[in-house]
Each structure stands twice: as C-alpha cells, then as structure tokens.
Amino acid sequence: MQNRAEVHVDLGAIAHNVAQLKKISGVPILAVLKADAYGHGLIPVARCVLDAGAQWLGVALLDEASAIRSAGIDAPIIAWLVPPGSDFTSAISQNIDLGVASILSYKQISAAARTLGKKARIHIEVDTGMTRGGFLDEWDSFLNILEVDHDDVEVIGIFSHFARADEPGEKQNAAQLKSFVEASDDLNRIGIEPQIHHLSNSAATLIDASAHFDLVRTGIAMYGLSPDPQTLGSSEKLSLKPAMSVRAKLHLVKSVLANTPVGYGATEMTSCDTKLGVVAMGYADGIPRIARKAGVFVDGKRAPIIGRISMDQFVVDLGPNSAAQSGDWVLVFGPGEQGEYTADDWGAASSSINYEIVTRIAQRVPRIYTSHEK
Ligand SMILES: *Cc1c(COP(=O)(O)O)cnc(C)c1O
C-alpha cells in the first residue's frame with residue numbers, strides 16, 4: 001500500500017532515552033505507555049522499553065494494561081485511572097496492579113479480590129497538592145478502614161504526582177515532597193509498609209534527585225521530548241532523542257500569483273508569485289487547526305503553513321523557487337537535525353505542548369518502526 005502520511009518511530013531513540021533516564025535517576029524506570037505510548041504505538045514501545053532496561057510499565061486505563069497482557073508481556077504493570085465500577089476481577093486475574101484513590105474503589109477492589117481468592121496488588125495514590133488524582137479528604141477515613149481491613153490486598157506502592165515539576169526551584173514541589181513523606185509515614189504508623197514509593201514524572205526525574213525514591217515514572221522524556229523546552233531546555237540539551245517523525249505526501253504542487261487567497265475563509269493571501277504545496281494531512285490526522293507558525297520541511301528548507309488547516313489537508317508556501325513536486329514527501333516534524341520543525345515547534349505554534357502534538361496523531365496514520373542505533 002502506498003501511504004499518504006506516515007509516523008516513523010525510531011525505537012533506537014527510545015532505547016537510548018531509557019538508558020539515559022536510568023543513568024540519571026539510578027533507580028528502576030516505570031515506562032509510561034498510556035495513550036498508545038504517547039502516540040508511538042503501545043506494544044512495539046512496550047517491548048522496546050523492556051529490552052532497554054525499564055522494569056515497570058504504567059498506563060492510565062485497564063484496557064491499555066489488558067492489551068499489554070494479551071500481547072504476552074508479563075512485566076509488572078500499573079493502571080492508575082481505574083474508576084469505581086471497572087472490571088477489577090479481570091484486572092486482578094491478569095496481575096495488573098491498580099492505583100487506588102478512593103474508598104469506593106478500594107472496597108470494590110477488595111470485594112473482587114475476595115471473590116477471586118487472590119490478593120489485589122495496589123498502589124495507594126495520595127493527593128499531595130496537584131488536586132487531581134489521589135486521596136485527599138478521604139485520607140483519614142481510608143487509613144481507618146485500611147488498618148482493620150487489608151487482607152484482600154497487597155499494598156505494593158504509594159504514589160503521587162507533581163503539578164509543577166517542570167519549574168525548577170518552585171516551592172510547591174518541596175511542599176508536595178514533604179506531604180508525600182508524611183502520607184508514607186501515616187501508612188507505616190498503621191503497619192502498612194509499601195515496598196515502592198514513587199513520585200517523579202519525567203521533569204522530576206531529570207532535575208530533582210530528592211524525588212526519585214524507589215521508582216521513577218517517565219513518559220515524555222522516554223519519547224525524547226523535553227517536559228518543557230522553555231524551563232528545562234531542548235531535547236538535545238537533555239541528551240534525549242525525539243523518537244517520532246511525521247511525514248506526508250504533497251498531494252499537489254501549484255503555481256499561483258501574488259495576492260491569491262488560500263483555503264477556507266480566505267484568511268491568508270500569497271505575498272508574492274509563489275508555489276503552494278497541498279499536504280495530505282489535516283486536523284482529522286491530529287494536525288492542530290489552530291497551528292499558525294508551523295509548516296513542513298521540503299526541498300532542504302522550511303515551508304510555512306498558509307491559510308486554514310482543513311480536515312484532511314493543509315497548504316504550505318513552498319516559495320517561488322522550490323523544486324518540490326506533486327507526490328514528494330515532506331517532513332511535518334522530526335528530531336530537528338536537518339532544520340525541520342519539531343514537535344516542540346508545533347506545540348508552541350498551537351499554544352499547546354509537545355505532549356499534545358504526539359499523542360493526537362490519529363490512528364489512521366500508520367506507524368512505521370525503525371531502529372537507528374547511533
Ligand atoms: C502521565 C503520567 C506520568 C508521566 O508524565 P511525563 O511528564 O510524561 O513524564 C507519570 N505519572 C502519572 C501518574 C501520569 O499520569
């Protein structure tokens with residue numbers, strides 16, 4: 001089949017990043033594989049990171065964890081976005097560790113475990129200041145319940161999540177760390193001693209050794225992207241290699257005169273006689289419609305977007321002297337080595353972040369795996 005657009009995933013880059021994060025942290029790595037491994041492809045990335053030395057896997061959804069088990073992967077895995085009413089029986093029987101953040105889900109998990117006759121492996125999530133997941137108002141009541149009723153569970157871990165780890169020196173990080181230690185002490189006081197304390201995301205793994213504890217949960221950095229290029233520096237500065245490149249075909253190249261309106265709403269006009277390229281990707285493929293100052297790399301240079309992004313296509317200004325032709329491949333984004341736009345550039349051009357760019361590249365764009373060992 002001839003594709004009109006492709007995602008290229010460099011598994012060698014992911015392996016390099018895992019090794020780099022292991023070196024920096026000095027503790028075991030939990031590879032975060034939610035959202036189809038941030039758009040890179042769940043199963044190929046799961047195999048890659050385990051080969052590269054990650055010891056744990058983490059996902060948001062039970063379905064994501066089940067898909068990993070169905071592929072025959074038996075590494076320890078946590079699913080942490082598992083609301084009450086989820087199929088806890090299936091999770092426990094598949095040896096999927098569960099994040100627990102409410103009394104209701106704890107009760108349901110315990111009941112499912114009792115019925116199965118198999119202990120549920122749980123990680124208790126505490127809200128240390130992000131005010132999203134984790135126990136907060138129910139904490140004291142939960143401790144009372146847990147103290148007298150924990151025969152159906154094995155408390156493997158306690159964890160929390162930073163709100164501002166990408167801001168070095170931010171006071172909230174120290175406050176969250178302190179609160180995390182206090183919550184761990186609360187558990188110890190009722191006789192519960194989890195083996196694994198985990199708090200760090202990519203940003204904390206990269207810059208805050210005091211938050212590494214027994215395991216770090218790395219997502220974005222493992223895919224070679226900086227958690228925040230503004231505050232933490234680029235991938236290159238962090239010695240990370242971006243793994244995802246997206247390329248698409250020029251559906252068409254056409255010559256147009258100056259002052260020609262382009263696209264829906266005629267929001268932009270050509271500034272001179274020029275050649276336009278119609279790129280065969282659009283917002284249905286995850287190209288953000290709001291993106292302004294991005295474009296593609298073709299014929300050795302950047303060609304900026306002109307006019308609105310459509311559902312399946314967008315137009316770029318190739319310049320009057322471009323040698324690009326209908327059917328040529330263009331690079332939408334890549335590691336940046338040749339001067340192409342990066343996921344960081346697309347994030348900035350969309351008032352968003354690199355995370356959103358890579359995770360939203362649609363499933364209708366095929367993933368192609370390469371392994372450039374460098
Ligand atoms: C997504 C997520 C991570 C990974 O965050 P990155 O910034 O991508 O490293 C870690 N922990 C939890 C609980 C998450 O939801």
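All ligand and atom numbering here is 1-based and tracks the order in the structure. The analysis underlying the following values was restricted to heavy atoms, covering all of them including side chains, and did not include hydrogens, waters or symmetry mates.
For ligand 1, none of its N or O atoms has an N or O atom of Val32 under 3.5 Å away. When only interatomic distances are considered, the shortest N/O to N/O separation between Ala203 and ligand 1 does not fall below 3.5 Å.
Taking the six-membered ring for Trp and the full ring otherwise, the centers of Phe297 and Tyr341 sit at least 6.0 Å from each other. Outside the 6.0 Å centre-distance limit, the rings of Phe159 and His197 are not counted as a close aromatic pair. Taking the centre of each ring, His198 and Phe213 stay at or above the 6.0 Å mark.
With hydrogens left out, the protein atom closest to atom 7 (O) of ligand 1 is Tyr355 OH, 2.6 Å, a heavy atom. Looking only at heavy atoms of the protein, atom 13 (C) of ligand 1 is closest to Trp80 CE2, 3.6 Å. From the protein, the heavy atom lying nearest to atom 11 (N) of ligand 1 is Arg217 NE, 2.8 Å. Among protein heavy atoms, atom 2 (C) of ligand 1 sits closest to Lys34 NZ, 2.5 Å.
For ligand 1, the atoms closer than 4.0 angstrom to any heavy atom of Tyr38 are 1 (C), 4 (C), 5 (O), 6 (P), 8 (O). Atom numbering of ligand 1 starts at 1 in the shown order; those under 4.0 Å from a heavy atom of Ile220 are 6 (P), 8 (O), 9 (O). Interface of Ser202 with ligand 1, defined as ligand atoms under 4.0 Å from a residue heavy atom, comprises 6 (P), 9 (O).
Between the side chains of Gln363 and Asp36, at least one donor-acceptor pair of N or O atoms lies under 3.5 Å.
By the 6.0 Å contact criterion, CD on Glu236 is open, its count of non-hydrogen atoms from other residues, nucleotides or ligands being 12 or less.
Among all heavy-atom pairs drawn from Met222 and Asn17, the shortest one is O-ND2, 3.1 Å. Minimum interatomic distance between Arg132 and Asp127 (heavy atoms only, all atoms of both residues): N-OD2, 3.7 Å.
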